[in-house]
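Here the structure comes first, spelled out in structure tokens, and everything after it is commentary.
Worth knowing before you read on, the calculation uses all heavy atoms, side chains too, and leaves out hydrogens, waters and symmetry mates. Because the structure is a prediction, the values reported are computed rather than measured.
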Amino acid sequence: MPELPEVHGYKTFMERTVLHQNIIGLDCRDTRLLKRSLSEFENQLIGYEFESIERIGKYVFINLNNSKVLVMHFGMTGRPHYYKNEQERPKFGHLQIKFNNGYHFAFENKRKFGWWDLTNSISDYKAAHKLGTDARTLAFEDFYASVRSRKTDIKKVIMDQSVAAGVGNWMADEILYQSKIHPKTRVEDMDSSEIQRVFDAMKLVIEVAIENEAHYEDFPKHFLMHFRKEGGRCHHTDVEIKKTKVGGRTTYYSSEWQDNLD
DNA sequence: CGTTATGTTTCACT
DNA sequence: CAGTGAAACATAAC
């Protein structure tokens, strides 16, 4: 599920729930979700508090009051939970924190592609992991500069987390549908006005998705998410949506609407 | 049983 | 260095 708009909602949820409470316990059911040893997490978390939260793309950085930073990535199937009774711990809540107010925070992660890490510096972490500027705040000049020299399909480029952090598979399809650009268009074949269109659509999709709290059913009628499936029909042309692969990822597009290649 | 899934990382190869 | 394709990670759901 989680791409930029979903993770944005998770951050807001966590800001309303987990800040400024003493951490008194950490329960880990599977250490494969931890990028460091369990004892390192225990040492850095227990006895401390979460002070503030930042989000860059799909990454969440939680600042602790001991100057450490807990880095969280939800993978493909992650979600945060907050509840009082431990009975409410979700089935796939593999990591759980207990606070001194009696409440619990669970990191639900069905497929276990999500993880936690620790760092001393968000900027060092960004550099080391080639994480770019968040797509929501990225300026066109910077987007254009990192896109224009690429020699591959536009969809691959906008999903590159060093270009625009936060764009994932469904957003990339939606952005290109809104731009009327075929996902396999080579960037070197695009002019600056087409790149501008992609950029504008990226901003639009992000804001619409955040406004609607990533509830796809509430998106405007002309959004691909309503018919992004086999047998779906394009809102504009009524032609059946096509399915293909781009960069190894399932890709849906409307061949007549995004007609610059087909 | 086989297929698919909204993500990231690594690696062999061009 | 840029780019590609595939594999790996791990598991539920259809």
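Atom-to-atom, CD of E230(A) to P of dC14(C) comes out at 16 Å; the value is rounded to the nearest Å. Between the CG atom of L33(A) and the C1' atom of dT8(B) there is a distance of 14 Å, rounded to whole Å. Straight-line distance from the CE atom of M76(A) to the C1' atom of dA8(C): 14 Å, rounded to whole Å. Between the NE2 atom of H73(A) and the C1' atom of dT6(B) there is a distance of 11 Å, given to the nearest Å. Computed from coordinates, the D153(A) CG to dA2(C) C1' distance equals 14 Å when rounded to whole Å. Atoms CE (M225(A)) and C1' (dA5(B)) sit 13 Å apart, rounded to a whole Å. In this entry the distance linking OH of Y252(A) with C1' of dT4(B) reads 9 Å, nearest Å. One interatomic measurement links the two molecules: CG of N109(A) to P of dA10(C), which rounds to 12 Å at whole-angstrom precision.
Distances shorter than 4.0 Å separate some side-chain N or O of K112(A) from OP1 or OP2 on dT11(C). A close approach under 4.0 Å does not occur between any side-chain nitrogen or oxygen of R228(A) and OP1 or OP2 of dA5(B). Contact annotation: K156(A) reaches the phosphate of dT4(C) (side-chain N/O to OP1 or OP2, under 4.0 Å). Under 4.0 angstrom from either OP1 or OP2 of dT9(B) there lies at least one side-chain N or O belonging to H129(A). Regarding contacts with the backbone of dA5(B), a side-chain N or O of T250(A) is found under 4.0 angstrom from either OP1 or OP2. For the OP1/OP2 pair of dC9(C) and a distance below 4.0 Å, the side-chain nitrogens and oxygens of R32(A) include no atom meeting the criterion.
You'll find a donor-acceptor pair under 3.5 Å spanning the side chain of R111(A) and the base of dA10(C), going by distance alone.
Figure legend: K35(A) and W116(A) shown without cation-pi pairing, the cationic atom not lying both under 6.0 angstrom from the six-membered ring centre and within 45 degrees of its axis.
In a base pair of the Watson-Crick type (N1 to N3 plus N6-O4 or O6-N4) or a G-U wobble (N1-O2 and O6-N3), with each distance short of 3.5 Å, dA10(C) is matched with no nucleotide.
Inspection of the N101(A) and Q21(A) side chains reveals an N or O donor paired with an N or O acceptor under 3.5 Å.
At a threshold of 4.0 Å, the pair D153(A)-K155(A) does not count as salt-bridged, since none of the basic side-chain nitrogens sits closer than that to a carboxylate oxygen. Checked for salt-bridge contact, K98(A) and D27(A) miss the test: no charged N lies under 4.0 Å from a carboxylate O. Ion pairing between K84(A) and E88(A) fails under the 4.0 Å rule for side-chain N and carboxylate O. Using a cut-off of 4.0 Å between Lys/Arg side-chain N and Asp/Glu carboxylate O, E3(A) and K58(A) are scored as not salt-bridged. Classification of E207(A) and R136(A) as a salt-bridged pair holds, one side-chain N sitting under 4.0 Å from a carboxylate O.
In this structure, F113(A) does not pack face-to-face on the six-membered ring of dT8(B), missing the 5.5 Å centre cutoff or the 30° plane limit.
Between dC9(C) and dC1(B), the two C1' atoms lie 22 Å apart (nearest whole Å). One P atom belongs to dT3(B), the other to dA7(C), and the distance between them is 14 Å to the nearest Å.
At a threshold of 4.0 angstrom between heavy atoms, the contacts of F74(A) with the nucleic acid are absent. G168(A) comes within 4.0 angstrom of sugar-phosphate atoms only, judged by non-hydrogen atoms across all strands, and of no base.
Nearest to the side-chain atoms of R150(A) among the listed nucleotides dG3(C), dG7(B), dT8(B) stands dG3(C). Closest approach to the E6(A) side chain among dT6(B), dT4(C), dA5(B) is made by dT6(B) (side chain taken as heavy atoms from C-beta onward). Set against dT11(C), dT9(B), dG3(C), the side chain of D30(A) has dT11(C) as its closest nucleotide. When the nucleotides dT8(B), dT6(B), dA10(C) are ranked by their closest atom to the side chain of K58(A), dT8(B) comes out on top. For T152(A), whose side chain is taken as the heavy atoms from C-beta onward, the closest listed nucleotide among dT6(B), dT11(C), dG3(C) is dG3(C). Checked against dT6(B), dG7(B), dT9(B), the side chain of Y59(A) finds its nearest nucleotide in dT9(B).
Toward the 5′ end of DNA chain B lies the nearest nucleotide of K243(A), the other residue of the pair K243(A) and Q161(A) mapping further downstream.
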